[in-house]
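All figures in this text were calculated on a predicted structure; none of them were measured in a lab.
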Amino acid sequence: MRIGFAGLGRMGWPMAANLATSNHELVVWNRSQEKSRSFAQQNNVAYVDVPCLLTSQCDVVITMLADDQASETVHFGEDGLFARLDEAEKNKGCIFIEMGTISPDHLETLREKAVGHRVIDAPVSGATQAATEGALLIMAGATADEVAALSPVFEPLSRDVIPLNNPGAGCVMKLSVNMLIHGINQCLAESMALASSVGIKAEDAFQVIENSAAAAPCLSYRKNLYLDESNHPVSFTVALAKKDMGLALQLAKKNGINMPQSEVTHSQLVSASESGYADRDMAAMIQFISEE
């Protein structure tokens, strides 16, 4: 199978690297051509200069993009993935697998515009370590049969794929999961700040929390960031967390769901972003809460 991959960011690079070591023929594209070229050289795969060539050359195109705006540019731009859909007919059409965090409304737009081609939402849960290890959880807005047909694509990337049957369900579930993670992150920041205010060392406070009933996997695999955020590579920025919470709240409003806890989490992320924390890892919320 010939797979195209668009978006070689923090998550996309290790995901594409796992596909490069599988039995697939891989072609990559990134907004920065230098990054595409570097990845191609390191992993002995092909790269293209414009996204539309992925569509015309590949059976499946995976996108791992930051948000709706980035996705819109990559799909609908002058040389975007959807710019020459008719050429894909020569290759029996493409299956577009959207693995980034996008809104259900944007996914529906993609599905409407991809006339004669399939668009499947299959966002992932797991940090960069899980991406590197090929141990992501995939939430697919597709049936079990559709997931089974794409298992050669998903297997190098994931520990499990959960079919959610309906298009868009993957997008909704991803927002639901991230909403919970960002809520946990906010509560941890407040908990650590409270402990610190009476002189408890961060390492001791985290050890207690990690071994308590409040423990969650996302705390353990992010431990180094929580204890020494500034000296470790960014895994998930405050800006992206703010974006996720904003999308979740928009969806909740549309569906008549009241989410007061998430409103608080979002407002804190907005405040942190406006205070210069936007590009820092969301573990920096501990410092933000303490200083605030």
Are the side chain of Asn43 and the backbone N or O of Val45 linked by a donor-acceptor pair below 3.5 Å? no
With a cut-off of 6.0 Å (strictly less than), are more than 12 heavy atoms of other residues, nucleotides or ligands near CG of Asp279? no
Are Leu137 and Ile62 joined in one hydrophobic group, where the rule is that I, L, V, M, F, W and Y side chains link up if heavy atoms are under 4.5 Å apart? no
Is the count of non-hydrogen atoms from other residues, nucleotides or ligands lying under 6.0 Å from Asn255 atom CG greater than 12? yes
Side chain to side chain donor-acceptor pair (under 3.5 Å) with Asn224: which residues, sequence neighbours excluded? none
Between Thr128 and Met11, is any pair of side-chain heavy atoms under 4.5 Å apart? yes
Distance col, row Cys218:SG vs Leu188:CG, nearest 0.5 angstrom, shows 8.5 Å
Which residue pairs pass the ring pair (Phe, Tyr, Trp, His ring centres under 6.0 Å) test with at least one member in residues 120-169, sequence neighbours excluded? none
Using side-chain contact (heavy atoms from CB on, under 4.5 Å), reason through Gln268 and Glu292 one step at a time and then give a plain yes or no. CA-CA 10 Å; Gln268 287 293 297; Glu292 189 182 48; 3.3 Å; yes
Pick from Thr63, Thr55, Val61: which one makes a side chain to side chain contact (heavy atoms under 4.5 Å, CB included) with His75? Thr63
For the pair Gln250 and Ser103, evaluate side chain to side chain donor-acceptor pair (under 3.5 Å) and give the outcome as yes or no after the intermediate values. CA-CA 9 Å; Gln250 288 174 20; Ser103 70; over 6 Å; no
Side-chain (Asp121) to main-chain (Gly168) donor-acceptor, under 3.5 angstrom: yes
Where do Ile286 and Glu229 land on the side-chain contact (heavy atoms from CB on, under 4.5 Å) test, with the steps shown first? CA-CA 9 Å; Ile286 295 176; Glu229 173 259 336; over 6 Å; no
Closer than 3.5 angstrom, by distance alone: can the side chain of Ser267 be matched with the main-chain N or O of Val264 as a donor-acceptor pair? yes
Go through the side-chain N and O atoms of Thr73 and Gln69 and say whether any donor and acceptor fall under 3.5 Å apart. no
Any sub-3.5 Å donor-acceptor pair from Ser273's side-chain atoms to Leu269's backbone N or O? yes
Looking at Asn44, I'd like to know if its CG atom is crowded, meaning that more than 12 non-hydrogen atoms belonging to other residues, nucleotides or ligands lie closer than 6.0 Å. no
Using the rule given for side-chain contact (heavy atoms from CB on, under 4.5 Å), can you reason through Leu164 versus Met173, listing the C-alpha separation, both sets of side-chain angles and the distance that settles it, and then say yes or no? CA-CA 9 Å; Leu164 298 169; Met173 200 66 242; 3.7 Å; yes
Using the rule that two of Ile, Leu, Val, Met, Phe, Trp, Tyr join whenever any of their side-chain heavy atoms come within less than 4.5 Å, decide whether Leu107 and Leu81 are in one cluster. yes
For Thr237 and Arg10, which heavy atoms make the closest approach, and how far apart are they? CG2-NH1, 3.9 Å
Spatial distance of atom CD1 (Ile289) from atom OG (Ser196) [nearest 0.5 Å]: 12.5 Å
Just do the side-chain contact (heavy atoms from CB on, under 4.5 Å) check on Ser71 and Leu110 with the steps written out, would you? CA-CA 9 Å; Ser71 176; Leu110 294 179; 4.0 Å; yes
Close side-chain approach of Leu219 and Tyr226, heavy atoms under 4.5 Å: yes
Spacing of Leu54 atom CG and Phe5 atom CZ [to the nearest 0.5 Å]: 10.5 Å
Would you say Asp244's side chain and Thr101's backbone share a donor-acceptor pair under 3.5 angstrom? no
If you take all heavy atoms of Asn30 and Leu8, which pair is closest and at what distance? OD1-N, 2.7 Å
Any sub-3.5 Å donor-acceptor pair from Thr143's side-chain atoms to Glu146's backbone N or O? yes
pair Asp281-Ser230: side-chain heavy atoms closer than 4.5 Å: no
Applying a strict under-4.5 Å side-chain criterion to I, L, V, M, F, W and Y, I'd like to know whether Trp13 and Trp29 cluster together. no
Polar side-chain atom of Ser220 near backbone of Pro217 as donor-acceptor pair, under 3.5 Å: no
Check the orientation of His182 and Phe236. Use parallel for under 30°, tilted for 30 to 60°, and perpendicular for over 60°. tilted
Heavy-atom closest contact (His117 atom, Cys94 atom, distance): ND1-N, 3.2 Å
From Asp67 atom CG to Ile102 atom CD1, the distance as rounded to the nearest 0.5 Å: 10.0 Å
Ion pair present between Asp68 and Lys243, side-chain N to carboxylate O less than 4.0 angstrom? no
Give me the atom names and distance for the closest heavy-atom approach of Lys174 to Pro123. CB-CG, 3.6 Å
Is Ser38 reaching over with its side chain to a backbone N or O of Glu34, donor-acceptor style, under 3.5 angstrom? no
Closest approach of Thr132 and Pro14, non-hydrogen atoms and distance? OG1-CB, 3.6 Å
Kindly check if the number of other-residue, nucleotide or ligand heavy atoms within 6.0 Å of CD (Glu210) is above 12? yes
Could you tell me whether the side chain of Ser151 and the main chain of Val147 form a donor-acceptor pair under 3.5 Å? no
Evaluate Glu203 against Gln207 for side chain to side chain donor-acceptor pair (under 3.5 Å), listing each step before the verdict. CA-CA 6 Å; Glu203 293 83 355; Gln207 183 179 10; over 6 Å; no
Which heavy-atom pair separates Ser158 from Ile138 by the least distance, and what is that distance? CB-CD1, 3.6 Å
In Å and rounded to the nearest 0.5 Å, what is the OG to CE distance from Ser235 to Met282? 7.0 Å
Within the supplied structure, the quantity of interest is the number of heavy atoms (other residues, nucleotides, ligands) at a distance under 6.0 Å from Glu78 CD; does it exceed 12? no
Are any of the side-chain heavy atoms of His24 and Arg2 separated by less than 4.5 Å? no
When you group the ILVMFWY residues by side-chain heavy-atom contacts below 4.5 Å and let the links chain together, are Leu247 and Ile257 in the same group? no
Between CG on residue Leu227 and CG on residue Asn231, distance to nearest 0.5 Å: 12.0 Å
Does the side chain of Val153 reach to within under 4.5 Å of the side chain of Met1, using non-hydrogen atoms? yes
